[in-house]
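Take a look at the structure below.
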Amino acid sequence: MVPDRSPKIDVDVNAYRPTQMYSCCPLCASDNLRNLWQINGYNIARCGGCSLVFVRDKVTAEELAAHYAVSRDEAYDDTNAECLNYYYQLLGDLLRRRFPQPGRILDVGCSRGWFLDVMNGWECHGNEIVPADAAAARERHGEGIFTGSLEDYPRRENYFDVITMQDVFDHFRDPLPALEKCRHMLRAGGLVVIKVHNISCLYAKLTGSHFYALVPPSHLFYYDRRTLTRALSEGGFQVVDSKFIGHLLKVKTVFWRLSRGNTSSLTYRIYKLLDGTGLGELKFRKNLHDIITVLAVKPA
Ligand SMILES: [Zn+2]
């Protein structure tokens, strides 16, 4: 049966705000959708056609802006830079093996520019929606840092050798146009690197609706190697590698992650108890295959 690609909108009139829901998969257009869980008031569904897991509610830009205005990632402050840097160094090494000569890189959602710090010698560009973080990145990387979203980022045709999206791609309301923009800005043979949580890892399967990365509306899409490969293919890319790169984590961050921002939970109280203590600041390496990094090229 040919999937119906016409826009269909279901309206839940009982909700305190009118909620529009996807009736077809945003990746493969199948209408074979199954609701899995309701988390933070959002419906998480799985597509029977391509297995994509996503927030079925059509979240508006205004709703997201209101969400980000009040939420912040407490466990990811400046003191956590060393933990982040562990992954960044490994990714930087991977990129330098592929590109022995420094090129031009765009780090989408570059935060304070920590990843760009490890790309010594490269022409560094980034965008960041939080003005204070963008300003901090600009101090070290100059005018290549743009304050704003990827959507608003000025188009540069065939310009970059590498575009990285680390912990941002699963936040996008509309991932395919984002990929289209990246493809436009990469030179032929250029590389896009996407790092997201892996919804198909054993840990996610064992924890189900309690998987720490299920935090709508922050994360709107929950990928694995298969669905990310499909999205990249739809976006005109060819996947060349995927990796499970290990992370460095503080003991306190484990409890913050498990609390999923719920300040009345037991795990959040443990996080607060550990915060600033020797035990809480203790770092360890973890690789549960819960984070996946996929590399894809723009074909010539
Ligand atoms: Zn699908």
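One-based numbering along the sequence shown.
Closest non-hydrogen pair, Arg230 versus Cys50, comes out as NH1-CB, 3.9 Å. Pairing each heavy atom of Leu150 with each of Cys182, the nearest pair is CD2-SG, 4.2 Å. Closest approach of Arg187 to Phe99, counting heavy atoms only: NH2-CE2, 3.4 Å.
For Gln38, the side chain to side chain contact (heavy atoms under 4.5 Å, CB included) partners two or more places apart in sequence, or in a different chain, are Asn43. Every residue two or more places apart in sequence or in another chain that forms a ring pair (Phe, Tyr, Trp, His ring centres under 6.0 Å) with Phe115 is listed here: Tyr88.
Under the 3.5 Å distance criterion, with hydrogens and angles disregarded, a donor-acceptor pair is assigned to the side chains of Ser264 and Asn262. Looking only at atom types and distance, the side chain of Asn198 has no donor-acceptor partner in the side chain of Tyr222 under 3.5 Å away. If you check the side chains of Tyr203 and His289, you find no donor sitting under 3.5 Å from an acceptor. One side chain, His67 or Ser218, offers a donor N or O that lies under 3.5 Å from an acceptor on the other. Thr147 and Arg138 form a side-chain donor-acceptor contact under 3.5 Å, judged by distance and modelled atom types alone.
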With side-chain hydrogen bond (donor to acceptor under 3.5 Å, both in side chains) as the criterion, how do Tyr159 and Glu123 come out once you've worked through the C-alpha distance, each side chain's angles and the decisive distance to 0.1 Å? CA-CA 11 Å; Tyr159 188 78; Glu123 186 184 307; 2.4 Å; yes
Checking Phe169 against Phe221 for the ring pair (Phe, Tyr, Trp, His ring centres under 6.0 Å) test, could you report, in this order, the C-alpha distance in whole Å, the side-chain angles of both residues, the deciding distance, and whether it holds? CA-CA 8 Å; Phe169 193 65; Phe221 289 87; 7.9 Å; no
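Around the CD atom of Glu151, the shell of radius 6.0 Å holds no more than 12 heavy atoms that belong to other residues, nucleotides or ligands. Counting heavy atoms of neighbouring residues, nucleotides and ligands inside a 6.0 Å radius, atom NE2 of His184 exceeds 12 of them.
The OG atom of Ser149 lies 7.0 Å from the CG atom of Asn127; values are rounded to the nearest 0.5 Å.
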Scan the side chains in residues 242-249 for donor-acceptor partners under 3.5 Å anywhere in the protein, sequence neighbours excluded, and list what turns up.
{"from": "Ser242", "atom 1": "OG", "to": "Arg225", "atom 2": "NH1", "distance (Å)": "2.5"}
{"from": "Lys243", "atom 1": "NZ", "to": "Asp241", "atom 2": "OD2", "distance (Å)": "3.2"}
{"from": "His247", "atom 1": "ND1", "to": "Ile245", "atom 2": "O", "distance (Å)": "3.3"}
{"from": "His247", "atom 1": "NE2", "to": "Lys195", "atom 2": "NZ", "distance (Å)": "3.2"}

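Tyr87 and Leu295 fall within the same hydrophobic cluster, where Ile, Leu, Val, Met, Phe, Trp and Tyr residues are linked whenever their side-chain heavy atoms come under 4.5 Å apart, directly or through other members.
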